[in-house]
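First the structure, in the form of structure tokens, and then the observations on it.
As the structure is a prediction and not an experimental result, all values here were calculated from the model. Order of appearance sets the numbers: ligands from 1, and atoms from 1 within every ligand. This chain uses plain numbering: 1 for the first residue, then up along the sequence.
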Amino acid sequence: MQIVLSNKQPNECLTLLFVTTLSPKSDQTKMLSKAGFSLKEGTTYLDIHHNILYVASRSLCCEDLKISAAKAIQSIQKSSFTTLFIALEHYQDKLDVKALAEGLILGDYYYTQYKHESQKHQERKTIIAYSGSMYTKNHLEELLHEVEIICRNVNFVRDIVNTPPQDYYPHIMALDAKYLAKRDGLECKILGEHEMHEMGMNAILSVGRASVHESHLIHLTYRPKNPKVKIVLLGKGLTYDSGGLSLKSADSMVSMKCDKAGASAVMGVMYTLKALGLACEVHGIIGAVENMIGGNAYKPDDILRAKNGMTIEVKNTDAEGRLVLADCLCYAQDEIEDFDYIFDFSTLTGASIVALGSHTTAVMGHNDTLKNKINTAALQCGELVGFLPYNRYFENDLDSEIADMVNTASSRNGGAITASLFLDRFVKEKNKKKWLHFDMAGAAYAHKAWGYNPYGASGAGVRLIVQFLKNITKESHSKL
Ligand code: BES
Ligand code: ZN
Ligand code: ZN
């Protein structure tokens with residue numbers, strides 16, 4: 001989706017009209033009612049005689065408008081119209097242009113990489129006419145520039161997560177990281193199995209041992225001139241999760257290419273930073289691994305020693321994400337000094353979906369002020385988050401008789417929380433209040449399209465973290 005500012009309406013285009021109310025006696029209402037159009041969100045009516053697409057929207061801003069804009073563009077997916085036209089003047093300055101652009105770019109995403117040439121997605125264009133509105137061209141350009149950077153990266157993340165596992169394995173993730181780091185001037189360090197072995201990272205190495213693909217730890221760094229804050233973002237990059245010897249069932253293995261969504265979101269955020277010019281030093285650390293079966297696979301009953309020396313009794317090889325993140329947490333805290341925040345992103349547990357449903361990211365941690373900041377960012381950007389509480393009665397659930405801990409609690413109840421508490425054991429005391437855990441198992445991948453999210457990967461995490469970074473850099477700016 002290309003968005004262009006121009007006051008000229010081309011001959012061949014489709015005018016987009018958002019409808020929030022229907023005034024009882026108007027001719028337009030009569031015509032729309034006759035055509036079966038209602039105000040139900042996302043309902044569309046294409047008037048082919050006048051080239052007008054009517055779209056019902058609950059309101060003209062924020063999520064309402066994003067969803068309606070996405071529905072509009074999706075409704076003409078198979079039509080020959082390639083150009084849309086929107087006149088801001090028509091809405092008396094009430095149309096939220098940022099939300100409009102976001103809905104159009106995110107709603108016009110289709111993963112067609114593996115489709116026949118004739119089925120590939122044709123890029124569309126939307127022309128926004130601003131004359132007669134309160135917006136100046138400069139203001140609009142600035143606003144659209146930011147939306148485009150963020151949304152293009154959301155779509156980039158969707159592409160990575162949707163790519164099938166035979167074509168996207170740890171080495172490819174490392175190559176992607178290297179290539180894009182070069183483009184954006186980020187530092188990029190890639191550890192292979194040998195280096196990880198030297199560093200004692202046996203938890204991550206064990207998970208990847210039965211794969212034919214080498215495991216990698218990827219460390220990307222964005223260092224602007226005068227950073228106001230320093231943040232570490234960790235991502236679970238399971239390019240495939242078969243469950244390992246605790247093999248998943250046939251049904252639940254399908255879509256496990258999505259297990260790289262945490263890592264992909266971290267990459268997506270990293271590639272917005274230079275373009276947005278954010279004043280924060282950001283470290284993106286990714287554990288890129290494939291969890292497979294084989295004669296040399298790690299086993300339930302194995303006891304693994306993580307980078308910090310702690311031993312983990314494996315009860316279930318399908319709880320592999322926490323093992324990967326445990327070593328990533330150790331690496332980050334050993335290698336990076338004096339950071340302000342440390343967040344981890346993963347599709348960690350099915351239990352988080354049971355708890356919050358499949359649209360919402362589960363967030364956990366010890367710092368309520370920080371959680372409030374995430375809540376604010378979520379409300380601003382439209383991603384959905386929910387907070388799951390710890391309590392003292394979970395504390396002993398991960399104790400092992402023969403090692404320092406087990407990797408899964410004996411009960412599945414509260415599984416998203418016990419997974420988070422496993423990671424908590426790898427967060428140093430001084431960093432407890434800086435840490436948050438994001439379980440995106442539901443939000444990262446949709447088995448059925450919803451809102452402006454298509455079938456498959458949603459790109460969750462990018463808009464949320466960019467919004468958080470924007471907020472905290474502004475906050476520390478105003479403190480100076
Ligand atoms: N990658 C899965 C979690 C997942 C589930 C992601 C559904 C996306 C959708 C994770 O590695 C896993 O298998 N977790 C287990 C943990 C259990 C063995 C304690 C789970 O959720 O069943
Ligand atoms: Zn698993
Ligand atoms: Zn997994």
Is a side-chain donor or acceptor of D327 paired with a backbone partner of A203 at a separation under 3.5 angstrom? yes

Does an N or O from T408, backbone or side chain, lie closer than 3.5 Å to an N or O of ligand 1? no

Return the residue, atom name and 0.1 Å-rounded distance of the protein heavy atom closest to atom 15 (C) of ligand 1. D318 O, 4.1 Å

Which of the atoms in ligand 1, numbered in the order shown and given with their element, are less than 4.0 Å from a heavy-atom of A441? 6 (C), 8 (C), 9 (C)

With no hydrogens and no angle check, just 3.5 Å: does a side-chain donor-acceptor pair link N162 and Q113? no

Heavy atom of the protein closest to atom 7 (C) of ligand 1 (residue, atom name, distance): M256 CE, 3.6 Å

Has the side chain of N407 got a donor or acceptor atom that lies under 3.5 Å from a matching backbone atom of N316? yes

Any nitrogen or oxygen of T349 lying under 3.5 Å from a nitrogen or oxygen in ligand 1? Just yes or no. no

Criterion side chain to side chain donor-acceptor pair (under 3.5 Å) on R158 and N155, from CA distance to verdict: CA-CA 5 Å; R158 289 171 169 181; N155 287 344; 3.0 Å; yes

Residue from I231, T221, V229 passing side chain to side chain contact (heavy atoms under 4.5 Å, CB included) with V282: I231

Atoms named by residue and atom, protein N, O or S, within reach of the Zn ion (ligand 3) (under 2.8 Å): K236 NZ, D241 OD2, D259 OD2, E320 OE2

So, is A351 polar-close to ligand 1, with some N/O to N/O distance under 3.5 Å? no

Counting heavy atoms only, name the option from N291, L348, D439 that's nearest to atom 10 (C) of ligand 1. L348

Within the structure provided, determine whether L205 and Y298 are in side-chain contact (heavy-atom separation under 4.5 Å). no

With the side chain counted from C-beta on, respond yes when V266 and F343 share a heavy-atom pair under 4.5 Å apart, and no when they do not. no

Any donor-acceptor pair under 3.5 Å linking the side-chain atoms of N291 with those of S242? no

In this structure, atom 21 (O) of ligand 1 is nearest to the protein heavy atom G350 N, 2.7 Å

For atom 22 (O) of ligand 1, which candidate among K260, K248, R412 holds the nearest heavy atom? R412

Would you check the N or O atoms of N316, main chain and side chain alike, for any that come under 3.5 Å of an N or O of ligand 1? no

Should you measure from each heavy atom of T347, which atoms of ligand 1 turn up under 4.0 Å away? 1 (N), 2 (C), 3 (C), 6 (C)

Mind listing the closest non-hydrogen atom pair of A72 and V55 along with its distance? CB-CG2, 3.5 Å

Cationic tip of K307 within the cone over Y331's six-membered ring, i.e. under 6.0 Å and within 45° of the normal? no

Centroid-centroid distance, H213 to H171, less than 6.0 Å: no

Does D241, backbone or side chain, put an N or O under 3.5 Å from an N or O of ligand 1? yes

Distance, nearest 0.5 Å, that separates NZ of K260 from SG of C258: 8.0 Å

At a 4.0 Å threshold, what atoms of ligand 1 neighbour a non-hydrogen atom of K236? 1 (N), 10 (C), 11 (O)

